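Keep in mind the model is a prediction, meaning the values are calculated, not measured.
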Amino acid sequence: MYQTQIERHENAILKHENDKLRAENSVMKDAISNPTCNTCGGPSIPVHLSFEEHQLRIDNGRLRDELHRLYTVTNKFLGWPVLPFVNHSSSVSSDSCLELSVGRNGMGNLSNISDPMPMGLNLGNGLFNGGPVMPISKSQMGMPGNDIPIDRTIYVDLALAAMDELVKMAQIDTPLWVRSRDSSGKETLNFDEYSRTFPSSAAMQHTNWTTEATRDTTMVIINSMALIETLMDANRWAEMFPCLIARATTIDVISNGMGGTRNGSLQLMHAELRVLSPLVPVRTLKFLRFCKQHADGLWAVVDVSLGEGADADMFFSCRRLPSGCIVQDMPNGFSKVTWVEHTEYDETVVHQLYRQIISWGIGFGSQRWLATLQRQCDCLAILMSSTEDPAEMLRISKGQGLDNRVSLLRANPMNANENTMLILQESWTDISGSLIVYAPVDAASVNLVMRGGDSAYVSLLPSGFAVLPDGPSNYASTNNDKDGSIMSDINSGYAGGCLLTVAFQILVNNLPTAKLTVESVETVNNLISCTIQKIKVALRVS
């Protein structure tokens, strides 16, 4: 009896569904026999359309709807004007309006995105005139035309606009930059010209924040493809710039690129940038990173912070305007890199001692990025060279200057039981500053690593010294001095000073539950004070 009731109930449900399908079928038959125009509502004239024509009409309607939605959201989040929506009944040709709205406004085509910027560029000092622009479409970027999320569509347009701005900022002899009249050759951004050239970016700047803008060009011993792969991998990017990047992660991969390359790759990233001083807060950024190949052997990578929408973190104290680098392969195995850094930040969070040099770009400017890149590439080239003599293990050169090296030192033992302790030390110096890092390590661990053991299991407590110049003198360009070291400034009679940061790590107690004592803190404070006093005496600083 119970089973019969269940079957009757199921039959009733099926009958109801069958009736609904019959009604829908009847409506569809009436629509086919009496077609109407979707635009005006009047009767439609039957026309035999090919499949291609039918598909084109569907795509055309979808594109118009997408345009209207896109510019509505764009106006809300980015402050760009909403263009008028034109339908078929307008006296103006819909095709010409479509071309005007998405093809000639500098924002790129939504269905077939191509960058309208000219590529007859002379980037940096005498960089070649590139070939034609390689167009990028959403389908090529792994974003099909149907059902594109609104936020990702905005990401693509924001990335293309940022790329256009980066290329224009990197051009030589552009009125966007004003070169100083002194011998330093330092360039300053012309903010009036910038506001006229990029009104959308200028309109979003915070009125109470400080703007920092720098650019520079140098040669590095790495090819463009290897550098692009490094920049588009968050972990490798952080390893290439260890003193600048405290942490970097990829939040979302919007596009992997096209043709198995990084061309068209678009990522949403998070990074923390730093200066090696506790007086300068870490810069926390959430930004898009976009890579594009402009010609054979000519690549560009641009970063831009998100706007005022839901994805932007309003608690960040800085914002990255379109910044990045343009990389061109050179015939000798080097690459010519033009780097542009443009950031606005809240200066009140920076200690008064560092405010001026940070505004000059010494902490986060393009010169520091390029100096670090140049030094790291020199190091990798030397370490990978087959001409190095392994008898040099006690002093391994990492660059062309004598101050760029890794050393293994034997400490002077206080007693006979400490004769197995060694000191592993790394030092480098370039135009952006100098660093000395050292850590005690026992001889057994060194021998284990030299026999092929994993260095990750060696416990290290690094200490050291970070040195930054206190002014822009001899800091204008990485091209001025190949060595670019602070030591060369002192030897040449440079009367400027520097900012020294001293850091010590001492293992007071190896028990996990042990707590810090007042005596241990006083010991470290006395050690730092004594060290700084000895440095002042050695440099004859009062």
Could you tell me whether the side chains of [X] and [Y] share a donor-acceptor contact shorter than 3.5 Å?
X	Y	answer
Glu341	Trp339	yes
Ser277	Tyr354	yes
Asn263	Thr261	no
Glu165	Tyr194	yes
Asp329	Ser224	yes
Gln374	Thr218	yes
Ser265	Ser255	no

What distance do [X] atom [atom1] and [Y] atom [atom2] have between them, rounded to the nearest 0.5 Å?
X	Y	atom1	atom2	result
Leu176	His342	CG	NE2	10.0 Å
Asp430	Asn404	CG	CG	7.0 Å
Met269	Ile251	CE	CD1	9.0 Å
Gln533	Ile528	CD	CD1	14.0 Å
Ile245	Asn235	CD1	CG	10.5 Å
Arg375	Leu380	CZ	CG	11.0 Å

When you measure from the side chain of [X] to the backbone N and O of [Y], does any donor-acceptor pair fall under 3.5 Å?
X	Y	answer
Arg368	Gly433	no
Asp233	Glu229	no
Ser445	Val441	no
Ser463	Gln505	yes
Thr284	Glu272	no
Asp454	Tyr457	no
Arg355	Val350	yes
Ser335	Ile222	yes

Checklist entry - Does atom CZ of Arg236 have more than 12 heavy-atom neighbours, drawn from other residues, nucleotides or ligands, at distances under 6.0 Å? => result yes
Next on the checklist: Please determine whether the number of non-hydrogen atoms from other residues, nucleotides or ligands lying under 6.0 Å from atom CG of Asn208 exceeds 12.
Outcome noted: no
Nearest heavy atoms of [X] and [Y], plus distance in Å:
X	Y	value
Leu266	Ala159	CD1-CB, 3.7 Å
Ser359	Gln356	OG-O, 2.6 Å
Leu468	Ser432	CD2-O, 3.4 Å
Arg215	Met169	NH1-O, 2.9 Å
Thr501	Leu276	OG1-O, 3.3 Å

Checklist entry - Passes side chain to side chain contact (heavy atoms under 4.5 Å, CB included), Tyr345 versus Ile358? Steps please. => result CA-CA 10 Å; Tyr345 62 97; Ile358 294 298; 3.6 Å; yes
Checklist entry - For the side chain to side chain contact (heavy atoms under 4.5 Å, CB included) test, which of Val406, Ile436, Val437, Leu435 pairs with Trp428? => result Leu435
Next on the checklist: Evaluate Lys398 against Glu426 for salt bridge (charged side-chain N to carboxylate O under 4.0 Å, His left out), listing each step before the verdict.
Outcome noted: CA-CA 9 Å; Lys398 293 187 61 180; Glu426 178 181 2; 2.3 Å; yes
Next on the checklist: Could you work out, with side-chain contact (heavy atoms from CB on, under 4.5 Å) as the rule, every residue matching Thr523, not counting sequence neighbours?
Outcome noted: none
I'd like to check [X] versus [Y] (side-chain heavy atoms, cut-off strictly below 4.5 Å). Are they in contact?
X	Y	answer
Asn190	Trp177	no
Val521	Leu516	yes
Lys286	Leu268	yes
Met225	Gln293	no
Met232	Gln267	yes
Thr174	Thr197	no
Ser305	Leu285	yes
Val167	Ile326	yes

Checklist outcome for this item: Residues pairing under salt bridge (Lys or Arg N to Asp or Glu O under 4.0 Å) where one sits in residues 275-285, two or more places apart or in two chains, turn out to be Glu212-Arg283
Item to check | Aromatic plane relationship, Trp369 with Trp237 - under 30° parallel, 30 to 60° tilted, over 60° perpendicular | outcome: parallel
Checklist entry - Under the side chain to side chain donor-acceptor pair (under 3.5 Å) test, which residues partner Thr517, sequence neighbours left out? => result Ser520
Next on the checklist: As a quick check of understanding, evaluate side chain to side chain contact (heavy atoms under 4.5 Å, CB included) for Phe241 and Thr230, giving each step before the final call.
Outcome noted: CA-CA 10 Å; Phe241 303 93; Thr230 298; 5.8 Å; no
Item to check | Evaluation steps, side chain to side chain contact (heavy atoms under 4.5 Å, CB included), between Thr217 and Val337 | outcome: CA-CA 6 Å; Thr217 301; Val337 182; over 6 Å; no
Checklist entry - Could you walk me through whether Asp164 and Lys168 pass the salt bridge (charged side-chain N to carboxylate O under 4.0 Å, His left out) check? => result CA-CA 6 Å; Asp164 177 59; Lys168 291 179 180 178; 3.3 Å; yes
Checklist entry - Please walk me through it: do Ile221 and Phe334 pass side chain to side chain contact (heavy atoms under 4.5 Å, CB included)? => result CA-CA 4 Å; Ile221 184 169; Phe334 283 69; 3.7 Å; yes
